[in-house]
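All remarks here apply to the structure that follows.
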Amino acid sequence: MLCSLLQDDMEAYQTQNRFLNSEIHQVTKIWRKVAEKEKALLMKCAYLQAKNCQVESKYLAGLRRLQEAMGVEAGECSELLRQLIQEALQWEASEASADSVVLSPISEYDEYGFLTVPNYEVEDLRLLAKIQVLEVHSHHLLAHEAVEQPLRERWAALGELAPSPEIKQLLRAGVPREHRPRVWKWLVRLRVQHLQGPGRYQELLSRGQACKHPAARQIELDLNRTFPSNKHFTYPASSFPDRLHRVLLAFSWQNPAIGYCQGLNRLAAIALLVLDEEESAFWCLVAIVETIMPADYYSKTLLASQVDQRVLQDLLSEKLPKLMAHLGQRRVDLSFITFNWLLVVFADSLISNILLQVWDAFLYEGTKVVFRYALAIFKYNEEEILKLQDGLEIYQYLRFFTKTICDSRKLMNIAFNDMNPFPKKQLRQLRMAHRERLEAELHELEQLKAKYLETRAAQGPAVPEGCTSEDEGEAEP
């Protein structure tokens with residue numbers, strides 16, 4: 001009897017279980033359909049928002065062209081145009097109605113603290129900056145599902161990091177923000193593990209407290225010039241300036257041959273923004289200066305930096321002959337623009353998401369990446385530069401044109417595909433040849449200087465008749 005009852009209960013439970021499993025299966029199917037529909041709607045919203053950014057960007061560009069065409073003419077049309085421009089500059093995504101779908105509004109600062117729309121004094125530049133932000137936002141929205149999400153999944157699936165062709169390609173494509181600190185620490189460790197010792201950073205800080213370094217004054221002066229468009233270095237309550245100060249002082253004791261050179265503040269600041277930890281930022285700076293860049297890159301003579309400018313000129317002539325002919329005819333010296341690019345690895349030039357993608361590859365592959373991207377930047381904007389016919393106009397455009405680059409994928413493809421072949425052997429040979437020439441030129445200049453001083457010393461302090469030298473006292477009354 002009892003067995004029969006238990007068997008009936010078991011059958012009832014089995015029937016109930018089959019029913020519940022069927023219900024769960026149906027609910028799961030419904031949930032999956034809803035999730036897929038939600039994902040499709042989000043993608044559609046992102047696409048529409050991107051298109052909206054593009055439309056607004058084109059509207060602003062149209063206003064700018066109309067402003068240029070009208071010039072300074074007075075009248076109702078001119079006044080209306082000024083009003084439209086002011087309204088366009090003041091409008092922000094946060095002012096959209098509460099009912100509208102805003103998936104990713106344009107914020108005042110980006111994720112690393114840089115102003116998304118630089119506060120230029122000149123209205124025309126502010127308009128250009130707003131256009132740039134809209135273009136960047138549009139590219140980001142369109143690329144999120146197609147490119148960024150699969151890239152995040154690939155990085156998340158990686159276990160222990162080790163040098164490999166796959167890592168090289170992933171670094172070139174850019175490291176997602178949530179993985180970047182871990183990846184950079186690994187890249188830095190690969191380069192400086194032979195220099196690191198327990199307590200080394202604290203030891204250098206203690207040395208700085210015991211004795212003031214000759215470079216301390218210059219470091220303090222440069223702190224206030226470090227990324228004025230980044231809130232982490234401008235807000236009074238921010239800890240970043242003090243931390244950057246300590247990193248630079250520690251480096252000045254780590255490498256007395258250099259001590260401090262203008263530009264190191266920006267390299268260390270980028271490392272600090274990404275890695276957040278002082279000591280990690282310090283070792284990142286050491287990795288760049290002592291293991292990646294050639295010797296004498298940050299010396300008093302900046303010898304290797306000057307060499308690389310000549311190397312870049314050669315590479316530009318080889319890869320972009322039409323552009324270089326155009327610039328040469330108008331006597332445009334690109335080193336006025338590109339010297340800073342190479343010295344601080346584009347820290348002042350590119351918007352942050354593209355800049356850090358460059359650094360991802362740079363920390364792994366070295367200076368060849370910097371040359372690739374320098375060439376790619378000119379290729380990206382070649383058609384626009386070729387339209388300019390006046391040398392002064394070209395210089396004005398070159399001052400800000402790197403900030404107009406918003407498509408990181410396009411720039412990366414130019415750098416690593418269109419610029420091929422790019423053998424390391426060629427780079428080494430160009431550097432050797434230009435270094436020999438530059439050292440010979442500097443030697444010749446030193447000889448001329450010595451000869452001049454020798455001649456002046458032999459002539460004695462000649463004072464024209466009727467004049468008195470500064471060494472003589474005042475004339476008697």
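Here the structure is a predicted model, which means the values were calculated and not measured. Numbers here simply count residues along the sequence, with the first being 1.
A cation-pi arrangement is not found for Arg372 relative to Phe362, the charged atom failing to lie both closer than 6.0 Å to the ring centre and inside a 45° cone about the ring normal.
Side-chain contact between Phe346 and Asn340 is absent, with no heavy-atom pair separated by less than 4.5 Å. Leu158 places a side-chain heavy atom less than 4.5 Å from the side chain of Leu161.
Across every non-hydrogen atom of Ile377 and Thr402, the tightest pair is CG2-CG2, 3.8 Å. Heavy-atom minimum distance, Gln357 versus Arg172: NE2-O, 3.2 Å. Residue Ile270 comes nearest to Ala347 through the heavy atom pair CG1-CB, 4.2 Å, listed as atom of the first residue, atom of the second, then distance.
Judged purely by atom type and a 3.5 angstrom limit, Arg246 has no side-chain atom pairing as donor or acceptor with the backbone of Leu205. Proximity of a side-chain donor or acceptor of His232 to a complementary backbone N or O of Phe240 within less than 3.5 Å is not detected.
Between Arg431 and Asp314 there is no salt bridge, since none of the side-chain N atoms of the basic residue sits less than 4.0 Å from a carboxylate O of the acidic one. Here Arg152 pairs with Glu178 in a salt bridge; the nearest charged N to carboxylate O distance falls below 4.0 Å. Note on Glu446 versus Lys449: no salt bridge recorded, every NZ/NE/NH1/NH2 to OD/OE distance being 4.0 Å or above. Between Glu365 and Lys368, no side-chain nitrogen of the basic residue sits less than 4.0 Å from a carboxylate oxygen of the acidic one, so the salt-bridge criterion is not met.
The side-chain contact (heavy atoms from CB on, under 4.5 Å) with Glu382 is formed by just one residue from the set His326, Lys322, Lys387; it is Lys322.
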(request) Begin from the C-alpha positions of Thr455 and Gln459 and carry the test side chain to side chain contact (heavy atoms under 4.5 Å, CB included) through to its verdict. (result) CA-CA 6 Å; Thr455 304; Gln459 290 174 345; 3.8 Å; yes

(message) With side chain to side chain contact (heavy atoms under 4.5 Å, CB included) as the criterion, how do Phe371 and Phe422 come out once you've worked through the C-alpha distance, each side chain's angles and the decisive distance to 0.1 Å?
(response) CA-CA 10 Å; Phe371 284 104; Phe422 204 97; 3.6 Å; yes

(request) Dump the intermediate steps for side chain to side chain contact (heavy atoms under 4.5 Å, CB included) on Trp184 and Trp359, then the final yes or no. (result) CA-CA 9 Å; Trp184 278 29; Trp359 276 52; 3.6 Å; yes

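With a 6.0 Å radius and a threshold of 12 heavy atoms from other residues, nucleotides or ligands, Arg217 has its CZ atom at or below the threshold. Environment of CD in Gln447: crowded, with over 12 heavy atoms of neighbouring residues, nucleotides or ligands closer than 6.0 Å.
By the side-chain contact (heavy atoms from CB on, under 4.5 Å) test, Glu153 pairs with Gln149, sequence neighbours left out.
The six-membered or imidazole ring of Tyr109 lies away from that of Phe114, with a centre-to-centre distance of 6.0 Å or more. Taking the centre of each ring, Phe401 and Tyr380 stay at or above the 6.0 Å mark.
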